[in-house]
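Take a look at the structure below.
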Protein chains: 2
Amino acid sequence: MAGRRGAVLSIESTSVQDYVKAIYAFTEWQDAAVTASRLAARLSVANSSVTGMVAKLVDLGLAEHRKYGPISLTTSGRALALAMVRRHRLIETFLVTELGYGWDEVHDEAEQLEHTVSDAFVARLDAKLGRPPRDPHGDPIPAADGSVAYPPAYRLDGVDDGHAGRLVRVSDEDPGVLRFLDRHGIGLDAHLLVRHGAGSPVELLLGPSAPALPVDAALTRALWIGGSVPHEGCTLRNPL
Amino acid sequence: MAGRRGAVLSIESTSVQDYVKAIYAFTEWQDAAVTASRLAARLSVANSSVTGMVAKLVDLGLAEHRKYGPISLTTSGRALALAMVRRHRLIETFLVTELGYGWDEVHDEAEQLEHTVSDAFVARLDAKLGRPPRDPHGDPIPAADGSVAYPPAYRLDGVDDGHAGRLVRVSDEDPGVLRFLDRHGIGLDAHLLVRHGAGSPVELLLGPSAPALPVDAALTRALWIGGSVPHEGCTLRNPL
DNA sequence: GCGGTTTTTGAGGCACACCTAAAGATAAGG
DNA sequence: CCTTATCTTTAGGTGTGCCTCAAAAACCGC
């Protein structure tokens, strides 16, 4: 049943790791079934490549997949994904806090390194960094045992007018977003107040005296705020 | 002339980098012609693999090779080799000084990472470490411009009876050697006095009161001492 | 100039991941 | 229920990179 083809591929293949990570990522901040075409789009490969690769993941016991059905991870698949995510985020943290990278510069480097470093390296790095709970973009770093604590967070495009809160996470996929935030002095944990103009773009209020900052649609999909409370008037209170 | 076959291989291929590094390593601490069979032995591949790969290096302008002749690096080949050596040694230094690895544990990890990290990473790491002149095994770290300062050093099996000096470098190829030195409390820069018993193995004297330490042939090929002066009596003086 | 060693050539294999094109399954609407 | 548009799978094939074995060719010391 399992292993009907050669199945020489191992858990150490960077492709396998990338697929597993991509499947995991799909459900990390949203609840959507992972279909072959969605995976293909995310990984920039043809649909048929996904079919083939997923069959290998199934052989390796990492994924579950009924023909024409959605794709999901097994327990060990999830464990592998979490291990990769842990690596990625610890490495990003290291690059920023120890080597002085900007938070917009770390993604690609981490993407490479996560496949290369040993488990011992990860363990030592974690200790060196003081077991950080989250990475430079606010993403929680899974513990060595695979447990993760996700902070309550809402994507900006799902937040109603007048809510206030702290910037909990920023998607690291678009460096441009990160540089935009840098330009406006917005970092993790910044206090934000959300205002919807009538039909106009969402605006962020950064403080009582700061001017409103209009943000485009891409931004609202990249920013997540937490500790949200409805505001009264236009005064920022301490939302948390 | 150049590029007579497909030659799509690039300077980023880990194999290319390993071959170039291996060719460089041959002449780093000795003066021997690099023949195909020696390269094959060092890289654990068949002779014919070396012939093929060296042809690619020639196409890439990294190596020079007349049929049936010895193999040497071009200027850009040497530059690539030095860049790889720099990466390797900086990474080893990082692993030891920042992550607490033992000097016997870093070689393999560095061997992987050196192919993965970016130039920016190397530059930042170098700065973070304070531009160290040598790695944990005493090997000099090439500067970013490719310059290297080799300390005068003599391999122990070429040192006559009665010479004294500091431990300048230890080959990192055999972790067992490094652990042996650890067990006896010998680190880089340790003062050593060399004594040849009649027909018996070489002995090291570590200090006026310490007992002589017999070392086997493998050890004498892994240890390099510098600042060598003939000793008088059995008293250790400051050799440098 | 001969024999042993080294090197090169040639032919081939294998792992891995990808693609295109065509065929098959599914699901939504009429 | 059937049609149609969409998604997914199959089949066949490409390309890279590196390796092997076996045989032919060159080299070198005697």
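Values in this document were obtained by computation on a predicted structure and should not be read as measured data. Order of the sequence lines fixes the chain letters, A, B, ..., with proteins taken first and strands second; residue numbering starts at 1 for each chain.
Along DNA chain C, the nucleotide nearest to B:N47 and the one nearest to A:T14 differ in position, and the one closer to the 5' end is contacted by B:N47.
A sub-4.0 Å separation between OP1 or OP2 of C:dC16 and a side-chain N or O of A:S15 is absent. Contact check, A:H65 against D:dT9: a side-chain N or O comes under 4.0 Å of OP1 or OP2. An OP1 or OP2 oxygen of D:dC18 is reached within less than 4.0 angstrom by no side-chain nitrogen or oxygen of B:S49. Between B:S13 and D:dC18 there is a side-chain N or O to OP1 or OP2 distance below 4.0 Å.
Following rounding to the nearest Å, B:M53 (CE) and D:dT16 (C1') show an atom-to-atom distance of 11 Å. Rounded to an integer number of Å, the gap from CZ of A:R66 to P of C:dA25 is 15 Å. Atom NE2 of A:H115 is separated from atom C1' of C:dA17 by 14 Å (rounded to the nearest Å). Rounded to whole angstrom, the span from the NZ atom of A:K56 across to the C1' atom of D:dT10 amounts to 15 Å. Put simply, CD on A:Q17 is 13 Å from P on C:dC16, counting in whole angstrom units. Rounded to a whole Å, the CD atom of B:E12 is 11 Å from the P atom of D:dG17.
A donor N or O paired with an acceptor N or O is found under 3.5 Å between the base of D:dC21 and the side-chain atoms of B:S48.
Inter-residue side-chain proximity for B:R89 and B:P140 is flagged as met; some heavy-atom pair is nearer than 4.5 Å. Looking at heavy atoms from C-beta onward, A:K128 lies in side-chain contact with A:E98 at the 4.5 angstrom threshold.
Side-chain polar atoms of A:D18 and A:H115 form a donor-acceptor pair below 3.5 angstrom. Donor-acceptor pairing under 3.5 Å is recorded for the side chains of A:E109 and B:S118.
Of the candidate nucleotides C:dC18, C:dT7, D:dT20, C:dC18 has the atom nearest to the side chain of A:Y19. Comparing C:dC19, C:dT7, D:dT8 against the side chain of A:V45 picks out C:dC19 as the nearest.
In terms of the ring pair (Phe, Tyr, Trp, His ring centres under 6.0 Å) criterion, A:Y19 has no residue partners (sequence neighbours excluded).
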Between protein and nucleic acid, restricted to nucleotides 26-28 of chain D and to nitrogen or oxygen atoms under 3.5 Å apart, what atom pairs and distances do you find?
unit_1: D:dA26; atom_1: O4'; unit_2: B:Y68; atom_2: OH; d: 3.2

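Ring planes of A:W29 and A:Y150: perpendicular class, angle over 60° (limits at 30 and 60°).
If you check every strand for non-hydrogen atoms under 4.0 Å, B:A46 touches sugar and phosphate atoms only.
Sorted by residue number, the members of residues 36-43 of chain B with any non-hydrogen atom under 4.0 Å from DNA chain C read B:A36, B:S37.
Heavy atoms only, all atoms of each residue included: A:E92 and A:A110 are closest at CG-CB, 3.6 Å.
For the pair B:E173 and B:R221, the salt-bridge criterion is not met [side-chain N within less than 4.0 Å of a carboxylate O]. Checked for salt-bridge contact, B:D119 and B:R87 meet the test: a charged N lies under 4.0 Å from a carboxylate O.
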I would like to know whether A:R124 and B:E105 meet salt bridge (charged side-chain N to carboxylate O under 4.0 Å, His left out); could you show each step before the answer?
CA-CA 13 Å; A:R124 289 183 193 261; B:E105 301 173 317; 3.3 Å; yes
